[in-house]
Number of protein chains: 14
Amino acid sequence: MDNTALIAMASVITAGLTIAIGSIGPALGEGRAVAQALSAIAQQPDEAGTITRTLFVGLAMVESTAIYCFVVAMILIFANPFWDHVAAGG
Amino acid sequence: MDNTALIAMASVITAGLTIAIGSIGPALGEGRAVAQALSAIAQQPDEAGTITRTLFVGLAMVESTAIYCFVVAMILIFANPFWDHVAAGG
Amino acid sequence: MDNTALIAMASVITAGLTIAIGSIGPALGEGRAVAQALSAIAQQPDEAGTITRTLFVGLAMVESTAIYCFVVAMILIFANPFWDHVAAGG
Amino acid sequence: MDNTALIAMASVITAGLTIAIGSIGPALGEGRAVAQALSAIAQQPDEAGTITRTLFVGLAMVESTAIYCFVVAMILIFANPFWDHVAAGG
Amino acid sequence: MDNTALIAMASVITAGLTIAIGSIGPALGEGRAVAQALSAIAQQPDEAGTITRTLFVGLAMVESTAIYCFVVAMILIFANPFWDHVAAGG
Amino acid sequence: MDNTALIAMASVITAGLTIAIGSIGPALGEGRAVAQALSAIAQQPDEAGTITRTLFVGLAMVESTAIYCFVVAMILIFANPFWDHVAAGG
Amino acid sequence: MDNTALIAMASVITAGLTIAIGSIGPALGEGRAVAQALSAIAQQPDEAGTITRTLFVGLAMVESTAIYCFVVAMILIFANPFWDHVAAGG
Amino acid sequence: MDNTALIAMASVITAGLTIAIGSIGPALGEGRAVAQALSAIAQQPDEAGTITRTLFVGLAMVESTAIYCFVVAMILIFANPFWDHVAAGG
Amino acid sequence: MDNTALIAMASVITAGLTIAIGSIGPALGEGRAVAQALSAIAQQPDEAGTITRTLFVGLAMVESTAIYCFVVAMILIFANPFWDHVAAGG
Amino acid sequence: MDNTALIAMASVITAGLTIAIGSIGPALGEGRAVAQALSAIAQQPDEAGTITRTLFVGLAMVESTAIYCFVVAMILIFANPFWDHVAAGG
Amino acid sequence: MDNTALIAMASVITAGLTIAIGSIGPALGEGRAVAQALSAIAQQPDEAGTITRTLFVGLAMVESTAIYCFVVAMILIFANPFWDHVAAGG
Amino acid sequence: MDNTALIAMASVITAGLTIAIGSIGPALGEGRAVAQALSAIAQQPDEAGTITRTLFVGLAMVESTAIYCFVVAMILIFANPFWDHVAAGG
Amino acid sequence: MDNTALIAMASVITAGLTIAIGSIGPALGEGRAVAQALSAIAQQPDEAGTITRTLFVGLAMVESTAIYCFVVAMILIFANPFWDHVAAGG
Amino acid sequence: MDNTALIAMASVITAGLTIAIGSIGPALGEGRAVAQALSAIAQQPDEAGTITRTLFVGLAMVESTAIYCFVVAMILIFANPFWDHVAAGG
């Protein structure tokens with residue numbers, strides 16, 4: 001159980017949990033926004049254009065938090081500076 | 001309990017938990033969106049086309065967070081750089 | 001408690017928990033969607049066709065997250081690359 | 001506390017928890033769908049046929065996630081490849 | 001603390017928790033369905049026959065998840081293959 | 001801390017927790033059903049007979065999950081096959 | 001810390017937790033049923049007799065789950081077969 | 001840390017937690033029942049007698065679960081058979 | 001870390017947690033009852049006498065569960081039979 | 001880590017947690033009661049006197065549970081019989 | 001890790017957690033009361049004086065539970081009798 | 001791992017958690033109050049002055065609990081009497 | 001694992017958790033306030049100016065609790081007095 | 001397991017959890033705000049400009065808390081002063 005294994009384990013576990021936990025909030029938030037958008041279209045069909053445009057901007061904002069998590073998970077797996085350091089014998 | 005086993009265990013456990021935890025949010029969010037879509041169709045049948053189109057775009061956004069989790073789980077099982085390193089005797 | 005046992009234990013426990021935890025979200029989400037579909041049919045019987053069609057597409061999307069979990073659980077039990085490695089004396 | 005006992009314990013505990021945790025979601029989801037179906041019948045008795053038909057399809061979808069859990073639990077008890085391996089002296 | 005005791009303990013604890021945790025979901029789900037059935041009967045007494053018939057089918061579906069748990073608990077206590085193996089000196 | 005004590009402890013603790021945890025769901029579910037029954041009687045006094053009959057059938061279904069837990073708890077205390085095995089010197 | 005003490009501790013702790021945890025569900029369920037009964041009487045005073053009669057039957061059902069817990073707690077303290085076995089020098 | 005201390009600690013901790021946890025449910029349940037009773041009196045002042053009578057019977061039922069917990073706590077402190085056994089040198 | 005210290009620690013920690021946890025339920029329950037009483041008075045000022053009288057009886061019932069916890073905490077601090085036994089050199 | 005330190009640590013930690021946990025319930029309960037009182041005054045200004053009088057009696061009841069916790073915390077810090085015993089060399 | 005460090009650590013951790021946990025309840029309770037006060041003023045502007053006066057009395061009651069926590073935290077940091085005892089070489 | 005490191009670690013961790021946990025309640029409480037204020041202004045624009053004035057007083061009360069946490073965190077980092085004692089060689 | 005590493009680890013972990021936990025409350029509170037503001041504007045467009053002004057003041061108050069957390073996290077990473085002490089060889 | 005590995009592990013785990021936990025609140029808060037914005041547009045289409053402008057300002061405020069978390073995570077991975085210290089042989 002040397003340094004290489006410890007950092008590899010930490011990176012594997014953290015990468016998975018980061019994207020797993022980080023997908024709960026955006027998924028629920030987007031689901032809520034989409035649900036309300038459908039309700040709004042049903043209530044005011046003439047404004048469907050404005051509603052879907054606002055919806056997509058909002059979804060992009062919410063999705064951005066999931067993207068942050070995905071980026072961090074990818075960095076931890078494929079561009080991990082700590083792993084590079086120990087794998088290089090540091 | 002050498003490095004190989006530790007990283008394998010961490011990868012197995014993380015892969016499973018990633019997709020398991022990561023499926024809770026999208027499933028609930030999609031369920032909510034679908035439920036509201038049905039309610040909207042019942043309320044405004046004439047807009048069924050717009051509603052289902054918006055629904056599918058929204059479901060795709062929500063599903064994307066589940067896809068992120070699935071991708072990370074698959075990477076951890078089949079393309080794990082840390083495992084490749086230790087399995088190669090690193 | 002050698003490598004074989006550790007990876008086998010991790011695979012068994014993870015496979016079970018993956019499908020167990022992964023079934024909570026889809027089951028609740030599908031239950032909600034079905035419940036709302038019935039309510040929508042009762043409210044607008046003439047649109048029963050559109051409603052059930054949208055419902056089935058939505059259920060398929062929600063079920064897909066449960067399928068991901070089931071696939072990962074099956075991979076961990078029957079096509080586990082880490083187990084294959086250690087069982088082969090790796 | 002050799003390999004045999006460890007894998008047996010892990011299988012026993014995981015099998016039980018898998019079906020136990022896996023029954024929470026489907027039971028709640030089905031309860032909700034059934035409750036809404038009864039409400040829908042009371043509201044629109046003439047559509048009782050369509051409602052119960054949609055209900056049964058939906059219940060089957062929800063039940064499927066419980067079935068996944070039951071299948072995994074049964075595999076872990078009666079067709080566990082890891083146990084077969086160690087019980088055979090592997 | 002040899003193998004016999006470990007597997008016996010795991011079986012005892014898992015059997016109890018399986019049926020205990022597994023009874024929460026069905027009990028709540030059935031309670032909800034029954035409650036809604038009574039409400040539906042009060043609202044539409046003429047459909048009491050259809051409502052109770054649908055209720056009983058639904059309760060059977062929900063109860064099935066509790067039955068799965070009870071079956072697994074009974075298997076773990078009275079037909080446990082792992083226990084049979086170690087009790088036979090395996 | 002030999003095998004006898006371990007299995008006895010596991011049985012005592014599990015028996016208690018099984019009935020304790022297992023009583024939460026049924027009690028809440030029955031409370032909900034009874035509450036709704038009273039509301040239904042107040043709303044439709046003429047159907048009090050049908051309502052109470054349906055209520056009792058439903059309560060029996062819900063109570064059955066509590067009975068499962070009680071049966072398992074009693075088996076663990078008074079007819080525990082693992083205890084019989086070790087108490088007999090197994 | 002011999003067998004006697006271990007089983008005594010397990011019995012004491014389990015007896016207390018069993019009745020403590022087991023009283024949460026029934027108390028909440030009964031509180032809900034009583035609350036609804038009062039609301040029903042206020043809504044339909046003429047049916048007070050039917051309502052209170054149904055209430056008492058329902059309360060008895062709910063109380064039964066608390067009784068199960070109390071019975072198990074009393075058995076663990078005053079008629080514990082495992083304790084009798086070790087206290088007798090088993 | 002001999003047997004005397006262990007059983008005394010277990011009894012002290014369990015007695016406190018039993019009544020502490022056991023008071024949550026009844027207090028919430030009684031609070032709900034009392035709150036609804038006041039609402040019912042305000043709605044139907046002429047039935048104040050029936051309402052308060054039903055309320056007191058219901059409160060007694062709910063309080064009974066708290067009494068069970070108090071009885072068990074008192075038994076554990078002042079009439080603990082396990083303590084009597086070890087304190088007597090058992 | 002002899003017996004005296006262990007029992008003293010257990011008593012101190014338990015006494016505090018007993019009253020702390022035991023105050024959550026009654027405080028919330030009484031808050032709810034008081035809130036509803038005020039609402040009822042505003043709705044039916046003429047029945048203020050009956051309402052406040054019923055409120056005080058109900059609050060006394062709810063407070064009783066907090067009193068139980070306080071009594072147990074005081075017993076554990078000032079009249080602890082286990083402490084008396086070990087402090088006396090038992 | 002002798003007896004003095006252990007009992008001092010237990011007293012410090014318990015005193016803090018007692019008042020911390022014990023303030024959650026009363027604060028929420030009082031907040032609810034005050035909120036409802038304001039709503040009641042807005043609804044029935046002529047009864048402001050009766051409402052505030054009942055409110056203050058109710059707040060005193062709720063506050064009493066916080067007082068119990070504060071008293072126990074103060075006893076543990078400044079009048080702790082166990083500490084007095086060990087600090088005196090007991 | 002002698003007595004001084006242990007008691008200092010316990011005091012630091014407890015002081016922080018006491019005020020941290022103790023601020024949740026009052027903050028939520030006060031937020032609710034303030035929110036309702038604003039709603040009440042909007043509903044009955046003529047009673048703004050009575051409402052704000054009652055609000056401030058109520059906020060003072062709620063704040064008092066936060067004050068208790070702050071006082072205990074300050075005592076633990078600046079007037080800790082246990083620390084004084086060990087720092088003095090006790 | 002001497003006294004200096006232990007107290008420094010405890011102070012660092014506690015300071016962070018104190019302000020982190022302590023910001024949840026006030027943030028939610030203030031969000032609720034602000035939301036209700038906006039709703040009240042929309043409902044009764046003529047009272048905007050009174051509403052915002054009451055809002056700011058209420059926000060100050062709520063913010064005070066966050067300030068308490070911030071003060072304690074700052075004391076633990078920059079004016080910690082326990083650290084001063086050990087850093088001075090105590 | 002000397003003092004340097006311990007304090008560095010504690011600082012890293014605490015800094016991250018402080019801002020992570022500390023962002024939950026403000027984000028939810030601000031989301032609620034913004035949502036209500038939009039609802040209020042839709043209800044009373046003529047007061048949009050007053051509403052947005054009050055909203056921004058309220059958001060600033062809520063954001064302040066997140067700022068506190070960010071400040072503490074930055075202090076722990078870049079201006080940590082405990083780290084300065086041990087890094088200087090203290 | 002020297003200092004380098006410990007700090008690297010702590011940094012990896014904390015960076016992941018910080019952005020994962022820190023994305024829950026903003027995602028839910030933004031989802032709520034977007035949902036309400038769509039509802040407001042449907043209710044008052046003429047104010048769509050004011051509503052979306054207020055929405056974007058509000059989303060920016062909410063997103064800022066996620067940005068704080070992302071910044072801290074990036075600092076911990078790429079500009080970690082503690083890592084620089086130990087990697088430089090400190």
Side-chain angles (χ1 to χ4, degrees), chain A residues 1-46 48-49 51-52 55-56 59-60 62-63 65-67 69-70 73-74 76-80 83 87, chain B residues 1-4 6-7 9-11 13-37 39-44 46-47 50-51 53-55 57-59 61-66 68-69 71-73 75-76 80-83 85-86 90:
Chain A
M1 193 154 69
D2 56 9
N3 288 357
T4 315
L6 280 172
I7 295 183
M9 280 178 69
S11 302
V12 165
I13 294 173
T14 306
L17 288 186
T18 299
I19 188 63
I21 297 176
S23 76
I24 295 175
L28 293 179
E30 293 180 8
R32 182 173 191 167
V34 172
Q36 193 63 45
L38 299 170
S39 174
I41 291 175
Q43 192 182 339
Q44 196 71 270
D46 298 340
I51 288 167
T52 52
L55 173 67
F56 292 159
L59 287 182
V62 179
E63 188 78 10
T65 64
I67 302 285
C69 293
F70 192 60
M74 287 297 104
L76 291 182
I77 295 179
F78 294 115
N80 191 326
W83 168 258
Chain B
M1 192 155 69
D2 56 9
N3 289 356
T4 315
L6 281 172
I7 295 183
M9 279 178 70
S11 302
I13 293 173
T14 306
L17 288 186
T18 299
I19 188 63
I21 297 176
S23 76
I24 295 175
L28 293 179
E30 292 179 9
R32 182 173 191 168
V34 172
Q36 193 64 45
S39 174
I41 290 175
Q43 192 183 339
Q44 196 71 270
D46 297 341
E47 294 297 316
T50 313
I51 288 168
R53 201 165 48 235
T54 308
L55 173 68
V57 174
L59 287 182
M61 289 296 282
V62 179
E63 188 78 9
S64 74
T65 64
Y68 295 162
C69 293
V71 165
V72 170
I75 287 174
L76 291 182
N80 192 326
F82 306 106
W83 169 258
H85 186 266
V86 297

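First the proteins, then the strands, lettered A, B, ... as listed; each starts at 1.
- By the 4.5 Å heavy-atom criterion applied to side chains, B:R32 and A:L28 are not counted as neighbours.
- The side-chain heavy atoms of A:F56 and B:V57, taken from C-beta on, include a pair separated by under 4.5 Å.
- Checked against side chain to side chain donor-acceptor pair (under 3.5 Å), B:T14 has no partners two or more places apart in sequence or in another chain.
- Nearest heavy-atom pair across B:T65 and A:A27 is OG1-CB, 3.7 Å.
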### Query
Checking side-chain contact (heavy atoms from CB on, under 4.5 Å) for the pair B:L76/A:I77: CA distance, chi angles, key distance, verdict?
CA-CA 9 Å; B:L76 291 182; A:I77 295 179; 4.2 Å; yes
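- Across all their heavy atoms, B:A33 and A:A35 have their closest contact at CA-CB, 4.1 Å.
- Looking at B:N80, the atoms closer than 4.5 Å to chain A (heavy atoms on both sides) all sit in the side chain, from C-beta outward.
- For A:T52, the part lying near chain B is the side chain, with the backbone staying farther off; criterion is any non-hydrogen pair under 4.5 Å.
- Remark: A:I51 pairs with A:A37, A:A40, A:I41, A:E47, N:L38, N:I41, N:A42 by the side chain to side chain contact (heavy atoms under 4.5 Å, CB included) rule, at least two apart or across chains.
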### Task
Let me see the working for A:F78 and B:I75 under side-chain contact (heavy atoms from CB on, under 4.5 Å), right down to the final yes or no.
CA-CA 11 Å; A:F78 294 115; B:I75 287 174; 3.9 Å; yes
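- Contact of the B:V72 side chain with the A:F70 side chain is registered, since non-hydrogen atoms from C-beta on lie closer than 4.5 Å.
- Residue B:S11 holds its OG atom at 9.0 Å from CE of A:M9, rounded to the nearest 0.5 Å.
- Using a 4.5 Å cut-off between heavy atoms, A:I7 does not touch chain B at all.
- The line from OG of A:S23 to OH of B:Y68 is 10.5 Å long, rounded to the nearest 0.5 Å.
- Counting heavy-atom pairs under 4.5 Å between each of A:Q36, A:E63, A:Q43 and chain B puts A:E63 at the top.
- Taking CD1 of B:I21 as the start and CG of A:L17 as the end, the distance is 6.0 Å to the nearest 0.5 Å.
- Put simply, of A:S39, A:A66, A:P26, the one with the most heavy-atom pairs under 4.5 Å next to chain B is A:S39.
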